[in-house]
Amino acid sequence: MDADERIFPMIELRTPAEIHEMRAAGRFVAETLATLRDETKVGTNLLSIDARAHDLIRKAGAESCYIDYAPSFGNGPFGKVICTSINDAVLHGLPHDYVLRDGDLVSLDFAVSVDGWVSDSALSFVVGSAREEDLRLIDTTERALEAAIAAAVIGNRIGDISASIAAVSHGEGYSINTDFGGHGVGRIMHGDPHIPNDGRAGRGFPLREGLVFALEPWLLATTDELRTDADGWTLRSADGSRGSHSEHTVAVTADGPIILTDRSFLGVD
Ligand code: MG
Ligand code: MG
């Protein structure tokens, strides 16, 4: 045991065989998000997105990580199987009776367990006609996620991932809130290590073969302050500006990062 392991005793490493087992959950999360994005249009009710996700979970024999989720920061249990964060909402959006309108910015965040392994992923998109500034915000979170994944290699440290997210985000003029960030993923949804969306390169836990985590940059257009809705879950920008969120579950391997929730095999990004 070296000094880093004494500081981070809860970090678990997965064998190649375990990472192979985790692919089923990743694939299901990827397929579900691609399906839901496809089906979500102007006129779609957020409750029907949740109902559809629930149906897909049931058919697949998967288990929702959200429905019974009751962490200290929420007004739990969550009671739904997907987070729908619209416009100035960015994280933990509790689906409610709302019909999407032209130009709405939608973030979907979805996590399930399949065969006892969790995968967690999120994406953002606009329904109907998009505003240029919304597309730039979404594009920046996607590029920040790509940079984070590229930094998820053996020999780097957690701080290298954090710094790469920050470089892309700050490069586009967005500020960063570090209250919520990436996290270890395994048998449960939220484990160690925590991966802040801003930090110093070369610092923090060294990345090892077998680390599996969710990387999840999220940005607000013109603030880094959040407020919580009366529902006790939905987090919105303090100034009403819009938010975007991109997340993948990634395994650090000897062959480089593997994106377990990759949607590219479906012919979509
Ligand atoms: Mg998530
Ligand atoms: Mg997550």
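Start at 1 with the first residue, then count along the sequence. These numbers come from a predicted model, not from an experiment. Every number for a ligand or one of its atoms is a count from 1 in the order of the listing.
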Would you say the ring centroid of Phe180 lies under 6.0 angstrom from that of His92? yes

ILVMFWY cluster membership beyond Leu47 - transitive side-chain contacts under 4.5 angstrom: none

Note: Ala214 and Asp120 closest approach over all heavy atoms is CB-OD2, 4.1 Å

Tell me if the aromatic rings of His194 and His183 count as close, with their centers under 6.0 Å from one another. no

Please list, in chain and residue-number order, the protein N/O/S atoms closer than 2.8 Å to the Mg ion (ligand 2). Asp120 OD2, His183 NE2, Glu216 OE2, Glu247 OE2

Any salt bridge (Lys or Arg N to Asp or Glu O under 4.0 Å) pairs touching residues 251-268, not counting sequence neighbours? none

Under 3.5 Å, sequence neighbours excluded: what are the donor-acceptor pairs made by side chains of residues 107-118?
residue: Ser107; atom: OG; partner: Ser124; partner atom: OG; Å: 2.6
residue: Asp109; atom: OD1; partner: Tyr66; partner atom: OH; Å: 3.0
residue: Trp117; atom: NE1; partner: Glu21; partner atom: OE1; Å: 2.8

